[in-house]
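The next block holds one structure in the form of structure tokens; read it before the comments.
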Amino acid sequence: MRHIAIEPMSAAAFAPFGDLIDTSKAAEKLINQGHCERFHDRAQMEFAGGRAGLSLFQAKPRELPYQLDLVERHPEGSQAFIPMSEHGFLVIVAPDQDGKPGQPRAFETEAGQAINFHRGTWHGVLTPLHAPGLFAVVDRIGPGENLEEHLFGTPYLVVRA
Ligand SMILES: NC(=O)N[C@@H](O)C(=O)O
Ligand code: NI
């Protein structure tokens, strides 16, 4: 089985696929009488022909090595995964190659980080590595199909480098 080594997550490495959302860059605003830093407007979200939806996902934590059988994409909108617990999680993406996913890449976030897949980005489904696996998800609610799946002929195995 082909291996994918987990890469260190960074905004630059993830930029072709989406936004890494965290507090590493200084807050733009100090609000609430100085009691709160606002890390303002940190994701490029799209909800073509629909609206933004906020859902909770209760996902089963996975073990590493992780067998990757499938990636998917949302042609009409972005999708943000926001952990509701202080844990990192596994993020898998792939470039598009003529309508099919190219070589997948794997990242592991740090506690306190969220991600937003840009519209149409090939990605693995929500993959927690720690319980409770509870996430807020912001994505498109609207008419028409917004899910395209690709099953790999041969699965990949995601491993720590
Ligand atoms: N299908 C769904 O609601 N979730 C997936 O899009 C996912 O990326 O986990
Ligand atoms: Ni998705």
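Whatever order the structure lists ligands and atoms in, that order sets their numbers, starting from 1. Only this structure's heavy atoms are used, side chains among them; waters, hydrogens and symmetry mates stay out.
A tilted orientation is assigned to the rings of Phe14 and Phe117, their planes being inclined by 30° to 60°. Relative ring orientation between Phe57 and Phe81 is described as tilted, the plane-to-plane angle lying within the 30° to 60° band.
For the pair Arg140 (side chain) and Glu46 (backbone), a donor-acceptor distance under 3.5 Å is absent. At distances below 3.5 Å, not a single donor-acceptor pair connects side-chain atoms of Arg38 with backbone N or O atoms of Asp41.
For Gln103, the CD atom is densely surrounded, since the number of other residues' heavy atoms within 6.0 Å is greater than 12.
Ligand 1 is surrounded by Phe57, Glu72, His74, Gln79, Phe81, His123, Val125, Leu126, each with at least one heavy atom closer than 4.0 Å.
Side-chain contact annotation: His123 with Glu72, donor-acceptor N/O pair under 3.5 Å present.
The cationic group of Arg2 lies under 6.0 Å from the six-membered ring centre of Tyr156 and within 45° of the ring axis, placing it in a cation-pi geometry.
Note on Asp139: not counted as a metal contact of the Ni ion (ligand 2), no N/O/S atom lying under 2.8 Å.
Here the N, O or S atom of Glu72 that is nearest to the Ni ion (ligand 2) is OE2.
An angle of 90° is found at the Ni ion (ligand 2) between His74 atom NE2 and Gln79 atom OE1, rounded to 10°.
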